[in-house]
Enquirer: 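There's a structure below that I have some questions on.
Proteins come first, then strands; the chains are lettered A, B, ... in the order of their sequence lines, and each starts at number 1. Everything numeric in this text was worked out from a predicted model, so none of it was measured.
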Number of protein chains: 2
Amino acid sequence: MRAMTVVAMHEEKGPVPLRLVAEMEAISEQYLEQIFMGLRRANLVTGQRGAKGGYTLARPAATITAGDVVRAVEGPIKLVDCDHNGGCLRAHVCATRELWDKVSQSMSQVMDGATLHDLATWARAKS
Amino acid sequence: MRAMTVVAMHEEKGPVPLRLVAEMEAISEQYLEQIFMGLRRANLVTGQRGAKGGYTLARPAATITAGDVVRAVEGPIKLVDCDHNGGCLRAHVCATRELWDKVSQSMSQVMDGATLHDLATWARAKS
DNA sequence: AAAAAAACCGAGTGTTTTCCTCGGAATAAT
DNA sequence: ATTATTCCGAGGAAAACACTCGGTTTTTTT
């Protein structure tokens with residue numbers, strides 16, 4: 001998320017090389033590469049190879065939510081991994097699952113309520 | 001949470017032995033012991049030794065929230081573990097932390113909005 | 001008094017997840 | 001050519017998670 005915030009802050013200034021992100025956020029370039037592979041596969045960023053290359057947001061920052069980023073790198077936002085949809089053997093399992101589902105929904109709601117534009121704005125305000 | 005729901009369902013019927021919970025929820029008795037140690041330390045349940053013993057809720061089910069249970073077993077409900085309060089070196093870190101804090105708060109809010117009484121009711125409705 | 005049922009307790013274990021490294025290949029600008 | 005960069009597959013160390021094991025103490029029942 002921190003990396004994507006950096007890219008969002010450079011939205012109009014062309015591609016951002018990971019070397020720069022690595023420096024700014026103190027995250028190894030190699031680790032960032034791995035993360036950006038996921039972001040690229042999810043079509044949130046486009047990569048430009050070679051010198052003067054780097055990553056660019058695939059859509060305007062205001063249209064990419066934090067939820068989009070989380071889902072791209074960590075998969076679906078949910079607390080439990082129970083797919084016995086409707087056919088639960090244990091009723092209590094499903095009673096708690098109802099709760100976990102509510103929590104997951106709430107998490108998604110908050111994360112989808114913040115865009116990269118918002119994060120970039122907050123970050124600028126803090127610096 | 002499933003175990004506590006079972007105990008809550010037996011609220012008026014005296015202590016619930018873990019053997020019963022283990023059977024009902026298909027969780028090993030030994031694992032449950034470990035979990036209930038935490039619940040007891042957090043004063044959510046009281047243990048009664050010996051035959052006819054078992055665990056009882058320390059307070060009425062309607063006054064114990066799912067959040068209480070989660071915090072007792074897993075610790076504080078928060079997504080990130082950053083305690084650089086205010087003194088963040090990297091501004092972007094803190095921008096994202098604001099988001100994580102919002103998400104954590106939202107999770108707590110949902111979990112504290114459901115009591116064991118609620119869970120027990122839901123479970124009964126499902127059986 | 002003996003036996004059984006249950007909570008208590010500390011330590012250990014296998015698996016998965018998380019976070020991260022390594023070495024290289026392809027591509028583009030200088 | 002050289003340099004800067006993304007692209008890619010394969011690991012690897014450490015922590016978290018989900019448990020197990022072997023025993024002790026307490027209480028009720030027989």
Side-chain angles (χ1 to χ4, degrees), chain A residues 1-4 6-7 10 13-58 69-82 93 96 100, chain B residues 1-4 6-7 10 13-58 69-82 93 96 100:
Chain A
M1 196 65 67
R2 282 155 54 196
M4 277 300 258
V6 172
V7 177
H10 286 239
K13 307 174 200 155
V16 182
L18 293 186
R19 180 184 41 76
L20 186 66
V21 179
E23 205 174 284
M24 291 184 64
E25 295 296 330
I27 306 172
S28 86
E29 201 176 325
Q30 291 174 315
Y31 187 30
L32 284 171
E33 274 179 5
Q34 219 178 31
I35 287 167
F36 273 76
M37 296 256 286
L39 293 168
R40 198 174 56 86
R41 284 196 203 98
N43 292 313
L44 296 186
V45 296
T46 57
Q48 169 87 23
R49 289 185 168 186
K52 293 281 182 182
Y55 285 95
T56 316
L57 297 184
V69 175
V70 170
R71 279 183 287 267
V73 301
E74 303 193 340
I77 297 171
K78 56 177 179 183
L79 292 189
V80 296
D81 225 345
C82 166
V93 175
T96 67
W100 303 141
Chain B
M1 197 63 69
R2 280 154 56 194
M4 279 299 258
V6 172
V7 176
H10 286 239
K13 305 173 198 154
V16 182
L18 292 186
R19 179 183 43 73
L20 187 65
V21 180
E23 206 174 282
M24 289 184 65
E25 295 295 332
I27 305 173
S28 88
E29 202 175 323
Q30 291 174 317
Y31 187 30
L32 284 171
E33 273 179 5
Q34 217 178 34
I35 287 166
F36 273 77
M37 296 256 285
L39 293 169
R40 196 173 58 85
R41 284 196 204 99
N43 293 313
L44 295 185
V45 296
T46 58
Q48 169 87 23
R49 289 182 168 190
K52 292 280 180 185
Y55 285 96
T56 317
L57 297 183
V69 176
V70 169
R71 278 183 288 266
V73 177
E74 303 193 339
I77 297 172
K78 57 178 178 181
L79 291 189
V80 297
D81 226 345
C82 165
V93 175
T96 67
W100 304 140

Enquirer: Pairs under 3.5 angstrom, nitrogen or oxygen only, protein versus nucleotides 27-30 of chain D, please.
Expert:
residue : atom : partner  : partner atom : Å
dT27(D) : O2   : Ala51(B) : N            : 3.4

Enquirer: Rounding to an integer number of Å, can you tell me how far Leu32(A) CG sits from dC19(C) C1'?
Expert: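 Interatomic distance, CG of Leu32(A) to C1' of dC19(C): 12 Å.
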Enquirer: If I take atom CD in residue Glu33(A) and atom C1' in nucleotide dA25(C), what distance separates them, rounded to the nearest angstrom?
Expert: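 Nearest whole value for this atom pair: 12 Å.
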Enquirer: How is Val16(B) classified with respect to the nucleic acid when contacts are heavy atoms under 4.0 Å: base, sugar-phosphate, or nothing?
Expert: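 Answer is sugar-phosphate: Val16(B) comes under 4.0 Å of backbone atoms only.
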Enquirer: Using whole Å, report how far CZ of Arg40(A) lies from C1' of dT6(D).
Expert: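 It is 8 Å, rounded to the nearest whole Å.
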Enquirer: Show the numbers, then the answer: is there a side chain to side chain contact (heavy atoms under 4.5 Å, CB included) between Met37(A) and Arg41(A)?
Expert: CA-CA 6 Å; Met37(A) 296 256 286; Arg41(A) 284 196 203 98; 3.4 Å; yes
Enquirer: To the nearest 0.5 Å, what is the distance between OG1 on Thr56(A) and CG on Leu44(A)?
Expert: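 It is 13.0 Å, given to the nearest 0.5 Å.
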Enquirer: Mind running side chain to side chain contact (heavy atoms under 4.5 Å, CB included) on Val7(B) and Phe36(B) for me, showing each step along the way?
Expert: CA-CA 11 Å; Val7(B) 176; Phe36(B) 273 77; 4.0 Å; yes
Enquirer: Do Arg40(A) and Thr46(A) have side chains that get closer than 4.5 Å, going by heavy atoms?
Expert: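 They are not in contact (no side-chain heavy atoms under 4.5 Å apart), so the answer is no.
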Enquirer: Could you point out which residue of Ile35(A), Val45(A), Leu39(A) forms a side chain to side chain contact (heavy atoms under 4.5 Å, CB included) with Val69(A)?
Expert: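 Result: among Ile35(A), Val45(A), Leu39(A), Leu39(A) is the only option passing the side chain to side chain contact (heavy atoms under 4.5 Å, CB included) with Val69(A).
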Enquirer: By nearest atom, which of the nucleotides dC19(D), dG22(D), dT21(C) is closest to the Tyr31(A) side chain?
Expert: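 Shortest atom-to-atom distance from the side chain points to dT21(C).
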Enquirer: OP1 or OP2 of dT21(C) sitting under 4.0 Å from any side-chain N/O of Ser28(A)?
Expert: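 Ser28(A) to dT21(C) OP1/OP2: side-chain N or O found under 4.0 Å.
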Enquirer: Go through it in stages, so that I can follow the logic: the residues are Glu29(B) and Arg19(B), the test is salt bridge (charged side-chain N to carboxylate O under 4.0 Å, His left out), and I'd like the CA-CA distance, side-chain angles, deciding distance and then a yes or no.
Expert: CA-CA 6 Å; Glu29(B) 202 175 323; Arg19(B) 179 183 43 73; 6.0 Å; no
Enquirer: Output the rounded distance in Å from CD (Glu23(A)) to P (dA4(D)).
Expert: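 Value for this atom pair: 13 Å.
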Enquirer: Between the base of dC20(C) and the side chain of Gln30(A), is there a donor-acceptor distance below 3.5 Å?
Expert: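 A donor-acceptor contact between them is absent.
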Enquirer: Looking only at N and O atoms, is any donor in the side chain of Gln34(A) or the base of dC20(C) less than 3.5 Å from an acceptor on the other one?
Expert: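 Yes, the side chain and the base share a sub-3.5 Å donor-acceptor pair.
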Enquirer: Nearest whole angstrom, please: distance from the C1' of dT18(C) to the CD1 of Ile35(A).
Expert: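 Those two atoms, CD1 and C1', are 11 Å apart.
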Enquirer: May I have the distance from Glu74(A) (atom CD) to dT18(C) (atom P), rounded to whole angstrom?
Expert: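 After rounding, the gap between these two atoms is 7 Å.
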Enquirer: Ignoring hydrogens and geometry, is there a side-chain-to-backbone donor-acceptor pair from Arg2(A) to Glu25(A) under 3.5 Å?
Expert: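 Checking the backbone N and O of Glu25(A) against the side chain of Arg2(A), a donor-acceptor pair under 3.5 Å is found.
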Enquirer: Without decimals, in angstroms, what is the distance between Phe36(B) CZ and dC9(C) P?
Expert: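 Computing the Phe36(B):CZ to dC9(C):P distance gives 15 Å.
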Enquirer: By the 4.0 Å heavy-atom rule, please label Tyr55(B) as base, sugar-phosphate, or nothing.
Expert: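 Counting heavy atoms under 4.0 Å across all strands, the contact made by Tyr55(B) is with sugar-phosphate only.
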Enquirer: On DNA chain C, nearest-nucleotide positions of Arg19(B) versus Arg41(B): which is more 5'?
Expert: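 Result of the comparison: Arg19(B).
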Enquirer: Could you state the CD1-P distance from Ile27(B) to dC17(D), rounded to the nearest angstrom?
Expert: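 So the two atoms are 16 Å apart, to the nearest Å.
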